[in-house]
Amino acid sequence: MSKTKAVKIAVIGGSGLYKFDHLTPIREICPETPWGYPSSNIVIVEDSRGSQIAFLSRHGVGHQYSPSEVPSRANIAALKHIGVEVIIAFSAVGSLREEIKHQDFVLPDQIIDRTKGIRPFTFFEGGIVAHTTFADPFSPLLSEIVYSHRHCLGENITLHRNKTVVCIEGPAFSTRAESHLYRSWGCDVINMSALPEAKLAKEAEIAYQMICMSTDYDCWKQDEESVSVEVVISNLKQNADNAKKLLVEILPDLEKALEEGKFEEMKGIMKGSCITSKEVRNEVRSQEAIRKLEYILPGYFS
Ligand SMILES: CSC[C@H]1O[C@H](OP(=O)(O)O)[C@H](O)[C@@H]1O
Ligand SMILES: Nc1ncnc2[nH]cnc12
């Protein structure tokens with residue numbers, strides 16, 4: 001059994017990717033955070049070189065949390081608390097573009113928010129106000145590292161980059177009018193989980209990149225069957241296998257980038273984002289908020 005060491009890389013698995021069972025499990029944890037419990041145990045797995053990653057299943061291992069119910073704050077807080085600095089998040093998506101075919105992979109660099117405000121979307125509330133910079137929701141460095149390994153996916157699968165994901169509330173899929181609207185807005189892929197996950201990762205100062213895997217053409221394409229769970233499921237197994245293959249390939253480069261301090265620029269970004277005055281921070285309400293924030297950003301606001 002390997003001795004305990006800080007695990008800096010995490011993978012969040014989405015629909016169809018509930019376990020990372022091709023790597024050796026080392027231990028499982030399920031920390032209670034100030035925002036509750038994560039959606040699954042965090043499983044620490046190890047590759048043949050001794051590299052460890054933390055794996056978390058977004059919807060639970062039995063897919064029991066709907067997109068609106070995923071405890072995203074607990075998920076991100078738990079990963080940050082154990083020392084995670086980098087998250088690769090997988091997601092099953094619909095394609096809004098002809099050239100993004102079933103089973104293709106997509107690295108979005110932008111998000112359009114079509115959630116309905118019913119998901120808790122920030123760690124900053126109840127007496128501590130902070131406004132994070134969110135112009136670039138994903139990590140360009142992570143995107144670059146992933147893209148450089150695109151050839152391991154084989155000739156039949158294209159890895160597209162610099163795309164826009166629209167995140168809807170769900171759980172119902174979109175109407176045809178909405179699907180056409182999102183295409184007219186320049187969106188390339190559609191899912192139900194980019195938000196608030198990406199925002200919360202930024203607030204927790206974690207470098208974050210979503211890797212989307214196409215399962216359907218939503219409902220805009222006339223010669224294709226409209227999206228349904230059956231259509232999505234028919235591509236999930238192959239997508240999950242490809243996701244695992246890609247992850248194993250990128251792991252050494254991720255570790256190298258971490259060792260070289262390439263993600264250090266994330267550290268401290270939230271200190272400057274807090275606008276609440278020093279005097280108010282001493283009030284009881286703010287002190288309670290600070291107590292919770294200590295779990296992810298210790299010493300920042302006290
Ligand atoms: C099962 S189809 C809709 C479902 O699939 C995607 O999940 P994830 O992003 O976690 O892979 C999508 O966002 C919806 O939650
Ligand atoms: N068409 C679609 N809309 C929203 N989320 C999805 N996940 C997979 N396909 C999807």
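Atoms within each ligand, like the ligands themselves, are counted from 1 in listed order.
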- Item | Contacts of H81 that satisfy ring-ring contact (aromatic ring centres under 6.0 Å, His included) - sequence neighbours left out | Y295
- Does anything in residues 270-283 pair up under side-chain hydrogen bond (donor to acceptor under 3.5 Å, both in side chains), and if so which pairs, sequence neighbours excluded? none
- NZ/NE/NH1/NH2 to OD/OE distance under 4.0 Å, E85 and K80: no
- Mind jotting down which protein residues get a heavy-atom contact under 4.0 Å with ligand 2? Chain and number order, please. A92, V93, G94, F173, I190, N191, M192, T215, D216, D218, V227
- Which heavy atom in F173 sits nearest to a heavy atom in V232, and how many Å separate them? CZ-CG2, 4.4 Å
- Note on the structure: Rounded to the nearest 0.5 Å, the CD atom of E249 sits from the CG atom of L254 at a distance of 11.5 Å
- Message: Counting only heavy atoms and a distance below 4.0 Å, can you name the residues contacting ligand 1?
- Response: G14, S15, R58, H59, P67, S91, A92, F173, N191, M192, S193, V232
- Message: Can you tell whether the side chains of K262 and E260 come within less than 4.0 Å, N to carboxylate O?
- Response: yes
- Electrostatic pair E294-R291, nearest N-O below 4.0 angstrom: no
- Message: Under a 3.5 Å cutoff, is there a donor and acceptor pairing between the side chains of Q52 and E46?
- Response: yes
- Message: Check K8 with E259, please: is the shortest side-chain N to carboxylate O separation under 4.0 Å?
- Response: no
